[in-house]
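First comes the structure, then the notes that go with it.
Order of listing sets the numbers, starting from 1, for every ligand and every atom in it. Please read these numbers as outputs of a predicted model, since none were measured by experiment.
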Amino acid sequence: MAPLDVLIEDLVAANRILATENVVDAFGHVSVRHPENASRYLMSRAKAPDLVGRDDIMEFTLEGDPVEARGRKPYRERFIHGALYEARPDVQSVIHNHSRSVISFGVTGEKLRPVVHSCATIGEEVPVWDAQDTFGDTDLLISDMSMGRDFARVVGGGTCALMRGHGCSVVGTSIREAVYTAIYLEVNAELQWKASRFGKVKFLTPGEIEKINSRLGQAKSGEGYDRSWEYWCGRAGITLSKSSARMGF
Ligand SMILES: [Zn+2]
């Protein structure tokens, strides 16, 4: 398989995994930067992620224009993806979702911070973007590039940000890394909420976060992101082709 085909296979797998792990439901989307053209990205047509197949994958310019729509309708919030690829050359994959546990942290002022080592990739404190600050009353969806760019500014150099009254978005230097962070962002939100019922929470320190992320980034093949990817593929009932499996493990 060519690198593009392998990447599309991983993108379809990411859709299924995020649905299986309850990060997305009927809504939410995942994209990957085009491996041969950094000013393009690949993402499904507007469809529930669990139902996405290879034929649904479309190519977009960073402005969100479909390169070859062939009658396929794109996600309305695709501008999140293009704006983040535009702002961050290091970003190779973007996930947007409305996972349940993160919502409370976007509407209460309670800071979402890592409580367990596996959630260190979310960073020291997850920032919150509020559409109201710049755009006033909207339907809360990021429906053009000016909103997308404003959101990308809040993500800054981090891996994720919440959207007040809406959801969150996550970036990664690979599909596997973005999927890992999206899943553990939801896990951390639930754990932090539960822990806070007992009293004061002791969060990971900046030094601990740095050491954990450094280890994950240097993990050998079969460890870290690859190991969790293999596990989540199994749970989602995905059998990867030999090419894709070889690329990751
Ligand atoms: Zn949304």
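Heavy-atom neighbours of Arg100 CZ from other residues, nucleotides or ligands within 6.0 Å: at or below the threshold of 12. Under a cut-off of 6.0 angstrom, the local environment of CG in Asn37 is crowded, with over 12 non-hydrogen atoms contributed by other residues, nucleotides or ligands.
Considering Val24, Val52, Ile238 as possible partners of Arg16, the one that fulfils the side-chain contact (heavy atoms from CB on, under 4.5 Å) test is Ile238.
Residue pairs that meet the side-chain hydrogen bond (donor to acceptor under 3.5 Å, both in side chains) test with at least one member in residues 75-89, sequence neighbours left out, are His29-His81, Ser31-His81, Ser31-Tyr85, Arg76-Asp139, Glu77-His96, Glu77-His166, Glu86-Arg149, Arg88-Asp90.
Around the Zn ion (ligand 1), the protein contributes the following N, O or S atoms at distances under 2.8 Å: Glu77 OE1, His96 NE2, His98 NE2, His166 NE2.
Closest of all the heavy-atom pairs between Val115 and Asn188 is N-OD1, 2.8 Å.
Using bins of under 30°, 30° to 60° and over 60° for the plane-to-plane angle, the ring pair Tyr41/Phe60 lands in the parallel bin.
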